[in-house]
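Naming convention: chains lettered A, B, ... in sequence-line order (proteins, then strands); numbering from 1 in each chain.
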Amino acid sequence: MASQEQNELLTRTGPETPMGALMRRYWIPIMLSEELPEPDCPPVRIKILSERLIAFRDTNGELGLIDEFCAHRGVSLWFGRNEEGGIRCPYHGWKYNTKGECLEVPSEPAESGFCQRIKLTAYTLKEKGGIIWAYMGNADDEPELPGFEWMDLPASHVYISKRWQESNYLQAMEGGIDSAHVSFLHSGELVTDKLHQGTKGAQYQRDRMPKFEVVDSSGGLFIGARRNGENDSYYWRITQWIMPWYTMVPPYGDNALNGHAWVPIDDENNFAWTFTYHPTRPLTDEEVETMKAGGGIHTNLIPGTFQPVLNMRNDYGMDRQAQKEGRYYSGIPGIAMQDASLQESMGPIQDRTKENLTSTDNAIIMARQRLRKAAKALEKGALPPGREPNCHKVRSASFVLPVGEAFQDTMMDALTARPGIHHTSI
Amino acid sequence: MASQEQNELLTRTGPETPMGALMRRYWIPIMLSEELPEPDCPPVRIKILSERLIAFRDTNGELGLIDEFCAHRGVSLWFGRNEEGGIRCPYHGWKYNTKGECLEVPSEPAESGFCQRIKLTAYTLKEKGGIIWAYMGNADDEPELPGFEWMDLPASHVYISKRWQESNYLQAMEGGIDSAHVSFLHSGELVTDKLHQGTKGAQYQRDRMPKFEVVDSSGGLFIGARRNGENDSYYWRITQWIMPWYTMVPPYGDNALNGHAWVPIDDENNFAWTFTYHPTRPLTDEEVETMKAGGGIHTNLIPGTFQPVLNMRNDYGMDRQAQKEGRYYSGIPGIAMQDASLQESMGPIQDRTKENLTSTDNAIIMARQRLRKAAKALEKGALPPGREPNCHKVRSASFVLPVGEAFQDTMMDALTARPGIHHTSI
Amino acid sequence: MASQEQNELLTRTGPETPMGALMRRYWIPIMLSEELPEPDCPPVRIKILSERLIAFRDTNGELGLIDEFCAHRGVSLWFGRNEEGGIRCPYHGWKYNTKGECLEVPSEPAESGFCQRIKLTAYTLKEKGGIIWAYMGNADDEPELPGFEWMDLPASHVYISKRWQESNYLQAMEGGIDSAHVSFLHSGELVTDKLHQGTKGAQYQRDRMPKFEVVDSSGGLFIGARRNGENDSYYWRITQWIMPWYTMVPPYGDNALNGHAWVPIDDENNFAWTFTYHPTRPLTDEEVETMKAGGGIHTNLIPGTFQPVLNMRNDYGMDRQAQKEGRYYSGIPGIAMQDASLQESMGPIQDRTKENLTSTDNAIIMARQRLRKAAKALEKGALPPGREPNCHKVRSASFVLPVGEAFQDTMMDALTARPGIHHTSI
């Protein structure tokens, strides 16, 4: 259970909030590169950490992320003309570059210096791994870009999607931290889904009483979930949590690895990112087609939007017959929306003063503590952990160990991203 | 006119409100039995008196009404699996019985006693007369089920429907108390409607200056509306109001009797129940077909919902031509929506500080007084009136009396439910 | 930049606000005459200056504008029966005349005097020039009707439309005051639009650095925008602003004149009126057809409503290809919605504490000052300027003057409405 004060601290991420200040010290995945496909393409409205912004790619291909509204009279620059090295407000032709600097105020004589005094809020963008990343914090302390292994893989090995979720980021991320729910909520898929079918992992996963062992990593947590295996062994699934919003899903057999980022749009919405990648082979055509169609842990989206086709307005496609038969444990089709539907049902911001946590929620409790601690330390000037690229060079894994062996003693290699080496997965 | 303070007292029925406390001391009709048709059928989300709840019928057919949200992390149990004697949260398999007791927390060892400490709010349900009734008050003071005569009639004699109304319950109930409006708002139907057509009552009803005589009953009010008849006689229509939200409509000829309940969903919505019943004969096929199609005082609903097809979003099907011709006095088709449209037009909660009441509103004033008095008495520990089944064993009636004869002196038999005896109606 | 306090003063126009009090001292164009086409036609719900009202035309053709809600129990009189000299509430037959006086309370004996004590808020309406005008201020100080020249022209010379805009009136009106934006936002239309094509004005207009000269008029402002012409001459466009919400658009060639009114519905919505008129000839069939189809500065509306077909819910029909080609400078089709889309994008009420005004915004600054000054003076009892019909007898104009000549010295005739004399326009 969290106090109301703790819940506020954890869930409020707008400007002038401690958690918002913390998150602004990390690189933020805000868009797919393909959302800004070419120089001078249409600008995109985007809200991140409760700030309304415009992203654009200028004539030279340079990326910009600036205040959505023109400094003159407050017009949305979404209506702007992205041309000749900047975005131009269509009302009176004021023009801004990617740094938010005003390049032109046509009505004022150049010599007046008026234009030079105008500047919009602007944030640094970088592009890597098919993602556009923003840094919205103190420029002096800008860290290196994250070092996730999929960012350095060939495009053929990676598939990424982004989905709008109608809830606070925290209850979404806590779903990603919590691997206990898999044996319930996704139990239908463990049997029927092509990705899991027939793997040893899916079989072990049916043990619904996992024991958890959670260990601090430099940038987050190693979350070990232990289930009973055969002959005095344990089946382990290790989920990674990395500050401030990354989670990694343990793999099955030769299937690709999966990771998530849960990025606040505002306090009642988040972007649920899904990164699917295989360290040693291209994804097959079938795998990619399946994901494009909303399979695996990706989602079928309303074209031209990031909103799921199945959402709260249509009861997520609830199928009581499939629920009864156990095909969909909760009655909702699709792994991603199985999670999202339950998380959204908690309300826009879960009231954690009413929760009752158990031993399997330890990782959630520890992640909250690290976030709160980092936010409070930052207020005293201490830069937060988990910003160094090395912190991201980890992997989730699934394996079997003899009873009595601690995964953190013998399996650290399996939990480390090793280029060219297959992940550890059964 | 009511003061703002009185209006608040009367219209706010959530937890921790005096009127909410009062209403929780009565059995509440919350659902049609057919909404939970069989053991282990889908659970139903329902909001009553501003509380979000889940209703379900377990494997043994036992009914449950519990907090909508799982005690663990706040997931809506609407997504739950209703199976094997309880409803199971699909997130981590926590299971609850109809008493809100936690039967299983799979992650915790049974011996930990964790599960035994978890309990959801739960309310008693009973089923009678095709209705599921809830008692949400102090268990020690639970009254007997209501004693309405239709609850003991064969199913063939009764037709019941439920409609969602987008207003506070009070302005809806006041429409049910007020029979003066019939001569105006429903005057078209008095002429054209098969149910009224040709009855003496419909003819007398055209007198638009009724005089009212209102008399306390043990559980509410006898509301007598007197209109001029022939030869020194009066045509009387007696409307019943019974605490806290029941009204009964006076009958026409051999037509069935009708009653309503106006049950708060929250402070801005209510369920308008309609009970149609004939004490001495089955309803005819034609009568039933008509009501199913939204005729009489029932309503044509959007399939799968309790929302009227004609509602504020489509201006209730306003037909100015029919208004001009007098077929629909207000231009809105259908008796129920004629009332509901006007009541919703008052705003979600009518501002009674601006009203100007007349002599024909006496019954409304008296009903408000009794509700306020009962709410205040309850705060001092006095159980409210109108809870004994005997209070419900009344009938509305229509009859002719010589001028000078008081209905309460000679017609009490007509106002009493008498099994097997036809109602008094002209 | 305006302070938050100034912005509040300027933008809040409900009852009990200083700006609302000011606006109530002017005649307000509230409806097209055709919205109340004949005696006893359907009443119309209308919100003006945040007051919810009912407008109707009684049996004698007299116009009424009264409180939307019946004094009895608060039912909307939109459901009322407009018949026999008044509007009758369909609930209990209370009847009101155009003065808001209660004519009948059927349940009460006439001799009780009850009815005589009931009175709804009522405002005076007058009809002229195809418009229904309301006066909502102190009756003792009621001014004469406005004196716009189109109000006295034959109907054949005039075309009027009304459009619902989803923003505060002020940011809409400021768009009408500001003629600097034409060279940008409407530059596509200067080339392609039939109304502008080939005129000298449209050609000069391409100078994107106009200089402004703003001069007080008795009822508002003469706003002169000077652009470079040929041979030591200036091309002038004079925009009129007249208290409290009128603007006039300078003309092109023989095209008709255009004016606007920006009337607050409530603080977040306004009616954008457009008055098109030619002082000396009927509008051609082609001109009228074009306007009916939403051309010129009129708008294509959703039938039966005043809502534009292109609106914020469909991104105003954004056409990025047309934006790229310059056909639509902002990508939005249609002059009116080019303006409205940008104004609505500022938010329901523009935050003027963040604006950065330039020399071309001088007229906006001066109009705000005059409004604030008049509102403050009214609080001290001084009736505001711009109420005399003479103040409206002005014209916008476009002409060429030698460099050095002040328009206000030599062109006052051109800026005066002169019946039967063609406007000054190139």
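Judged by distance alone, the side chains of B/Thr247 and B/Trp262 do bring a donor and an acceptor atom under 3.5 Å apart. Under 3.5 Å, the side chains of C/Asp58 and C/Thr98 contain no donor-acceptor pair of N or O atoms. Between C/Glu344 and C/Gln165, the side chains place no donor N or O within less than 3.5 Å of an acceptor N or O (distance only, hydrogens not considered). A donor and an acceptor atom, one from each side chain of C/His298 and C/Thr274, are nowhere located under 3.5 Å apart.
The greatest number of non-hydrogen atom pairs below 4.5 Å with chain C, out of B/Glu174, B/Lys211, B/Met209, B/Arg320, is found for B/Arg320. For the set C/Cys41, C/Ala71, C/Ser76, C/Pro109, the entry with the most heavy-atom pairs within less than 4.5 Å of chain B is C/Ala71. Put simply, of B/Val182, B/Leu357, B/Asp315, the one with the most heavy-atom pairs under 4.5 Å next to chain C is B/Asp315. For the set B/Arg208, B/Gln350, B/Met346, B/Glu355, the count of heavy-atom pairs under 4.5 angstrom toward chain C peaks at B/Met346. The greatest number of non-hydrogen atom pairs below 4.5 Å with chain C, out of B/Ser187, B/Ser341, B/Ala180, is found for B/Ser341.
In this structure, the portions of C/Tyr91 lying under 4.5 Å from any heavy atom of chain B include both its backbone and its side chain. Contact of B/Tyr316 with chain C is made through the side chain alone, with heavy-atom distances under 4.5 Å. Both the backbone and the side chain of C/Phe79 come within contact range of chain B, judged by heavy atoms closer than 4.5 Å. Only the side chain of B/Asp339 comes within less than 4.5 Å of a heavy atom in chain C; its backbone stays farther off. Of the atoms belonging to C/Trp94, it is side-chain heavy atoms, and not backbone ones, that fall under 4.5 Å from chain B. Proximity to chain B (any heavy atom under 4.5 Å) is shown, for C/Arg52, by neither the backbone nor the side chain. There is no contact between C/Arg117 and chain B, counting heavy-atom distances below 4.5 Å.
Between C/Glu35 and C/Lys162, at least one side-chain nitrogen of the basic residue sits less than 4.0 Å from a carboxylate oxygen of the acidic one, meeting the salt-bridge criterion. A salt bridge links C/Glu83 to C/Arg88: one of the charged nitrogens lies within less than 4.0 Å of a carboxylate oxygen.
Cation-pi contact between B/Arg227 and B/Tyr235: absent, since separation from the ring centre below 6.0 Å together with deviation from the ring axis within 45° is not met. Annotation: cation-pi pair B/Arg163/B/Phe271 absent, no NZ/CZ under 6.0 Å from the ring centroid and within 45° of its normal.
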